[in-house]
2 protein chains.
Amino acid sequence: MKTLASIGEFPFIEAIAKLALASRSRGVVVGIGDDAACLRLQRDAVVTVDTVVEGVHFRREWLSPHQLGRRALRAALSDLSACGAVPCFALLALTLKPDAPLADARGFVSALIGEGRKQGLALVGGNVSAGPVFSATLTLVGQRGRRFLRRDTARAGDAIYVTGPLGGASAGVALLKAGELQGPLQNAFRLPPLRVAAGLELGRIAGVGAVIDVSDGLVQDLSHVCKAAHVSAEIDVESIPLPPALRRKASAQSRRRGSIDPHAFALFGGDDYELLFTLRSPGRRSKAVLDALERAGCKARPIGRIVPETRVPVCAAADGTALTGGFSHFGKRR
Amino acid sequence: MKTLASIGEFPFIEAIAKLALASRSRGVVVGIGDDAACLRLQRDAVVTVDTVVEGVHFRREWLSPHQLGRRALRAALSDLSACGAVPCFALLALTLKPDAPLADARGFVSALIGEGRKQGLALVGGNVSAGPVFSATLTLVGQRGRRFLRRDTARAGDAIYVTGPLGGASAGVALLKAGELQGPLQNAFRLPPLRVAAGLELGRIAGVGAVIDVSDGLVQDLSHVCKAAHVSAEIDVESIPLPPALRRKASAQSRRRGSIDPHAFALFGGDDYELLFTLRSPGRRSKAVLDALERAGCKARPIGRIVPETRVPVCAAADGTALTGGFSHFGKRR
């Protein structure tokens, strides 16, 4: 079996460069193969970095290298979508075990490049290093859309929306941890939704306030929005859209042995990668916004409202129940 | 002792954001604290990523967190310098052990931010993740200088120059590995030179051909230059500038027990972070170029010439001895 140690660093980089050739785009003045990439943008640059680490964000048996490549790209892209940016360029810093199969590394990179190309991203640079576990840090460079969507601009009175069902991916992780490798919830974890078009659309809609992607759990990410603007939030828990498979799983389980609460996954689970946004004067705007987002490929739903700042908790259910929790690094491992 | 696990991910990110506040600069439209940063550039963006991994690029006992922060910044910056770019923004993706002391993580980040600020870099974003070892991936965003200095533009007849002494850092690594922790060569490894001004100056000088930073060893990096332009190189080995401490060490060792060849470190060692460049028609230009670079803070020296492509080797000494070797990932560990 060919490994990275057997072929060496530079032949591997050359192989990546060949895979990336197909993703060259107009703004690439100098791409892979020099000390840095030279990139032409028409508007402000929007830049984000995101890391996945084996054993922290996923276990090897949960994802094929191809699935991991697509997932890593979509997870990172979610941050650009949440800012309403147009995806342009990607740089990939890979840390690989020297005895890793070359085919796995190539499969990961090839899937990541392919998924990126579909979203308008050209791979223009990166770094390859040895390390004790697989880890990939993806830098994405976009350009500002109609406007840059911030997360600190919520106001009391705004309605809160999400662009799709929540809780599926974290329920999938629970099943994966229990050894159930196949199913729609596991696939929700494996392949996050694409919200590039939705983010661009939100940038065009008057009255959109704060936008954030839901990656660490609805309550936790909504708490970031609230803290940034010194407001609080009330969530209508029953109105949070849930994936049908999660509802089915919950009712099947409740018939068998006690109940699991699908809303707990939706509120506190992570890895959803839907967008959360707030909307001023929702009464007269809501339908037009939902229609525009449907044309952008997602079914957005109202789930609550921004209220004046209360002391504790930042987020509460409509009946006043405190809501706290979510994914935090250094707290738990996968 | 406070650890990352005891304070949690988000308070740590807030602490970084506070440290970074001092480095805010004019082009930062939206900095740390949103899903992505929004950055304003006047010219083409020049983007690079660089990773350091504990146990691969360094051992913990070789560098304090503060030294590691400065070193990581300078190593990454070297790639922007080699393109003649103006440093503008940085994003830091950190992977940390949950039981790592908080003071170490803060020391690293604080030194990195401070060193970056001196070079015009504002920290505008990043990512924090748990992981099995310390690892940091730095994304630097610059803007194109007078011109973007490529590595694939060497031509037969060009003279080859380096901007400073080579071999000190790799000799320092050899000493560190042997348990000698203090000394000027060890410090050459710890604190790479700054060549931002030299890179900008090279972009202004007519006749400068290819530019690359010497990070994997002179012969290996010069081989990249040669392969990219289908040329070969001859090195006048005796003319390679060596750090005085390396000459002293070599002659002291040769008196005691056999000889070590300081040129081997200069040719094949890595971590120098000097710039290598080629110059057309050097006879009439050399003095002006060396003077300009001296004003930019470095003593450049001619070390050989680009020749028409030979088959093997790409690099040779003036007497025809083949020169091959250098640092490659997946080959060796520190």
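Just so you know, these numbers come straight off a predicted model, no measurement behind them.
Shown here for B:V53 and A:A130, the closest heavy-atom pair between the two residues is CG2-O, 3.8 Å. Summarising the geometry of B:V133 relative to A:P132, their closest heavy-atom pair is CG2-CG, 3.5 Å, with the distance given to 0.1 Å. Scanning both residues, B:R151 and A:D35, for their nearest heavy atoms gives NH2-OD1, 3.2 Å.
With a 4.5 Å cut-off on side-chain heavy atoms, B:V47 and A:V124 do not count as touching. In this structure the side chain of A:T139 never reaches within 4.5 angstrom of the side chain of B:L91, judged on heavy atoms. Using a 4.5 Å heavy-atom cutoff, the side chains of A:F148 and B:V29 are not in contact.
Put simply, of A:C83, A:G27, A:G142, the one with the most heavy-atom pairs under 4.5 Å next to chain B is A:C83. Ranked by heavy-atom pairs shorter than 4.5 Å toward chain B, the options A:V211, A:L92, A:D50, A:L140 are led by A:D50. By number of non-hydrogen pairs under 4.5 angstrom with chain B, the leading residue of A:T48, A:D34, A:L39, A:V49 is A:D34. Ranked by non-hydrogen atom pairs under 4.5 Å with chain B, the options A:H224, A:Q143, A:E54 are led by A:H224. When each of B:L94, B:D79, B:L41 is scored by its heavy-atom pairs under 4.5 Å with chain A, the top score falls to B:D79. Each of A:G125, A:G33, A:S135 has some count of heavy-atom pairs under 4.5 Å with chain B, and the biggest count is that of A:G33.
Only the side chain of B:T137 comes within less than 4.5 Å of a heavy atom of chain A; its backbone N, CA, C and O stay farther away. For B:C38, the parts lying under 4.5 angstrom from a heavy atom of chain A are both the backbone and the side chain. With a 4.5 angstrom heavy-atom cutoff, B:L149 touches chain A only via backbone atoms. Interface remark: A:R150 contributes backbone and side-chain atoms alike to the contact with chain B (heavy atom separation under 4.5 Å). Neither the backbone nor the side chain of B:V52 comes within less than 4.5 Å of any heavy atom of chain A. For B:R40, the parts sitting under 4.5 Å from any heavy atom of chain A are the backbone and the side chain alike.
Judged as a salt bridge (charged side-chain N to carboxylate O under 4.0 Å, His left out), and not counting sequence neighbours, B:R106 has no contacts.
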